[in-house]
Amino acid sequence: MKISAVRGVKDILPEEVWKWQFIESASRRIMENFGFSEIRIPVFEYTELFARSIGQGTDIVEKEMYTFQDSKGESLSLRPEGTAGVVRACIDHHRLQPDSVSKLYYTGPMFRHERPQKGRYRQFYQIGAEVFGTDNPWVDAEILSMLHLLFEQLGISGTVLQINSLGCTECRPVYRKALQKFLRNEQASLCTDCRRRTAGNPLRVLDCKRPDCKEATQSAPSVLASLCRDCMAHFEMVKGTLDLMGVPYEVNERLVRGLDYYTRTTFEILTDQLGSQNAVAAGGRYDGLVEQLGGRPTPAIGFALGMERLAALLPEETNHSRAKPLYLAPLGDAAMERMPLLLHQLRARGIPVDTDYLGKSLKSQMRQADRIGAAYVGILGEDELNDGVILLRNMETKAQTKVPLEGFVDQIAETLAGEGA
RNA sequence: GUGGGUGUAGCUCAGGUGGUUAGAGCGCAAGGUUGUGGCCCUUGAGGUCGGGGGUUCAAGUCCCCUCACUCACCCCA
């Protein structure tokens with residue numbers, strides 16, 4: 001039987017991997033400039049961690065986790081998202097001290113057992129960041145500005161930042177009740193999903209795509225109007241700060257996030273280029289989660305961005321060239337025997353160099369050199385061996401010079417350095 | 001989990017109403033240049049036609065099942 005990749009996972013092949021590297025390095029650079037430090041956490045945790053943080057009733061926990069038992073009978077799960085693990089690690093290592101802020105970022109694969117679709121995989125890569133220890137609205141604006149800058153540097157355009165506030169433990173339950181009351185009167189015009197949601201996740205009804213449901217919820221009570229004084233002030237400050245920084249955004253009162261832990265500010269960065277997977281990055285504030293997981297009360301905010309989705313938006317013309325290598329073309333056994341040492345010496349000097357291992361003709365070696373974008377080809381055949389030289393061809397100008405074998409490594413190092421490569 | 005579409009060479013795809021050795025372009029390889037890349041030309045390698053079963057003298061083509069991919073729903077990065 002032919003073995004193949006598991007459904008919903010994919011290989012990132014060499015032709016494409018530059019996109020991941022590019023996104024990762026740009027993200028790292030920006031996040032570190034913003035004062036974030038990387039944390040690497042396990043890809044699996046006790047199932048209970050996810051159940052308690054993401055929420056028992058959510059689809060992610062109910063049916064999308066890869067859960068298994070280890071040999072001791074403990075229930076473990078592959079992480080479906082990163083925040084829970086980061087919070088757990090911070091609590092574990094007592095890193096959340098009172099009156100101090102910590103900024104962390106992570107990157108790596110996440111796992112969800114969903115039906116695969118464009119921009120949606122069962123193993124997918126996220127980059128995420130979290131700020132612990134402050135509910136200062138400036139921080140909310142700061143991470144949004146960070147995302148804004150990141151997208152700018154990646155050359156991604158055509159995305160929209162939407163923000164909303166879901167309120168805190170004071171005002172959110174009040175709103176939820178009011179909304180439920182409203183929805184109960186509208187049951188007749190809601191779809192079956194939304195009727196079900198009314199009880200468990202009423203806010204989600206606002207985000208339903210069905211025209212009938214949209215229509216029915218036109219006059220639903222507004223989240224923003226029901227925010228308590230503090231939450232209102234907080235949201236106003238977030239918006240004001242974004243305005244001040246010139247970070248464009250839209251307020252979307254119907255923006256609801258799927259994870260239970262969000263409070264106050266929530267946001268998504270949307271694109272219209274990925275079909276129905278329109279969120280490239282998303283996140284929000286989660287002021288109650290740390291305490292809920294057994295840490296001291298610590299306000300926090302974070303986001304995650306989907307690398308596959310971001311990669312799909314990268315402009316094709318993005319510059320991802322690497323240093324042009326040297327190519328050594330040996331002709332004949334005697335020349336080939338010289339290769340291992342020569343290559344080693346060149347590489348020890350940090351010179352990118354490759355060669356042919358198959359004893360191919362010069363013509364086909366030249367083709368290969370061209371394919372890999374070699375700046376120079378060093379030809380070593382019988383004539384050159386007799387003269388003690390290597391014929392160095394500049395692939396662009398086609399100029400060829402004889403370089404003594406003796407000082408070849410020094411000479412080529414100088415030549416390449418001279419070109420300011 | 002539900003529904004639609006699609007599976008033919010490494011990639012993108014042709015293959016009226018079943019008919020004998022299954023094709024093209026790109027890519028790959030060799031040659032055209034006694035040792036010189038890109039362009040051009042020639043030749044070549046590469047296919048269990050997703051898999052299994054059925055109908056038929058005969059199936060890439062028709063039927064059933066299955067798997068995968070894909071799009072939408074659900075949900076989400």
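What you see is a predicted model; the values in this text were computed from it and never measured. Below, all heavy atoms of this structure are taken into account, side chains as well, without hydrogens, waters or symmetry copies.
Per the geometry, OH belonging to Tyr327(A) stands 12 Å off C1' belonging to U36(B), to the nearest Å. Rounded to a whole Å, the NZ atom of Lys363(A) is 12 Å from the C1' atom of A29(B). Atom OH of Tyr376(A) and atom C1' of U36(B) are 17 Å apart (whole Å). Asp370(A) has its CG atom 13 Å from the P atom of C40(B), to the nearest Å. Rounded to whole Å, the distance from CD1 on Ile379(A) to P on G37(B) is 10 Å. Across the protein-nucleic acid pair, Lys10(A) atom NZ and U70(B) atom C1' stand 14 Å apart, rounded to whole Å. Atom CD in Glu382(A) sits roughly 10 Å away from atom P in G35(B) (whole-Å rounding). Between the NE2 atom of His113(A) and the C1' atom of G1(B) there is a distance of 9 Å, rounded to whole Å.
Remark: Asp140(A) CG to Met237(A) CE distance equals 11.0 Å, nearest 0.5 Å. With rounding to the nearest 0.5 Å, the separation of CD1 in Ile91(A) from CD in Glu291(A) is 10.0 Å.
The Ser361(A) side chain lies nearest to G31(B) when the options are G37(B), C28(B), G31(B).
Shown are Arg52(A), Arg79(A), Arg88(A); of these, the salt bridge (Lys or Arg N to Asp or Glu O under 4.0 Å) with Glu45(A) is made only by Arg88(A). Of the residues listed (Leu314(A), Thr318(A), Ile12(A)), the one engaging Lys19(A) in a side chain to side chain contact (heavy atoms under 4.5 Å, CB included) is Leu314(A), and it is the only one.
Among the heavy atoms of the strands lying under 4.0 Å from Glu384(A) is at least one base atom, whether or not backbone atoms are also near. Nucleic acid contact class of Leu391(A) (heavy atoms, under 4.0 Å, all strands): base. At a threshold of 4.0 angstrom between heavy atoms, the contacts of Gly8(A) are confined to the sugar-phosphate backbone, with no base atom among them.
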After noting the C-alpha distance and the side-chain angles of Tyr125(A) and Gln123(A), does the key distance pass the side chain to side chain donor-acceptor pair (under 3.5 Å) rule? CA-CA 7 Å; Tyr125(A) 291 80; Gln123(A) 172 173 341; 2.9 Å; yes
One pair to check against side chain to side chain donor-acceptor pair (under 3.5 Å): Ser77(A) and Thr67(A). What are the steps and the verdict? CA-CA 4 Å; Ser77(A) 293; Thr67(A) 297; 2.7 Å; yes
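Between Ser53(A) and Thr83(A), the closest side-chain pair of non-hydrogen atoms is not below 4.5 Å. With contacts defined as side-chain heavy-atom distances shorter than 4.5 Å, the pair Leu224(A)/Val251(A) qualifies.
No hydrogens or angles were tested; on distance alone, nothing pairs the side chain of Arg371(A) with the base of G37(B) as donor and acceptor under 3.5 Å. Looking at Gln365(A), its side chain has no donor and acceptor atom pair within 3.5 Å of the base of U36(B).
Nucleotides U61(B) and U55(B), compared at atom P, are 15 Å apart to the nearest Å. Distance check on atom C1': C65(B) versus U21(B) gives 32 Å, rounded to whole Å. The separation of G50(B) from U70(B), taken at their C1' atoms, amounts to 15 Å, rounded to a whole angstrom. Rounded to a whole angstrom, the distance from the C1' atom of G47(B) to that of A22(B) is 9 Å. Here the separation of A30(B) from G7(B), taken at their C1' atoms, is 33 Å to the nearest Å. On the C1' atoms, U6(B) is 16 Å away from A14(B), given to the nearest whole Å. Across U17(B) and G32(B), the matching P atoms stand 46 Å from one another, rounded to whole Å. Comparing G3(B) with C74(B), their C1' atoms sit 12 Å apart, to the nearest whole Å.
Between C67(B) and Arg7(A), no contact under 4.0 Å exists linking OP1 or OP2 to a side-chain N or O.
Annotation: cation-pi geometry satisfied between Lys10(A) and Tyr121(A) (NZ/CZ under 6.0 angstrom from ring centroid, within 45° of ring axis).
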Using a 4.0 Å heavy-atom cut-off to protein, can you give one letter per nucleotide of nucleotides 72-77 of chain B, 5' to 3': B if the base is in contact, S if only the sugar-phosphate is, - if neither? BBBBBB
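By the 4.0 Å N-to-carboxylate-O rule, Lys103(A) lies close enough to Glu142(A) to be salt-bridged with it.
When the nearest nucleotides of RNA chain B are assigned to Val6(A) and Gln368(A) by heavy-atom distance, the more 5′-ward of the two goes with Gln368(A). Nearest-nucleotide assignment on RNA chain B puts the 5′-proximal partner with Ser364(A), out of Met395(A) and Ser364(A).
Side-chain atoms of Arg254(A) come within 3.5 Å of backbone N or O of Leu206(A) as a donor-acceptor pair.
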Structure string for RNA chain B in dot-bracket form, Watson-Crick and G-U at under 3.5 Å, | interchain: (((((((..((((.....[...)))).(((((.......))))).....(((((..]....))))))))))))....
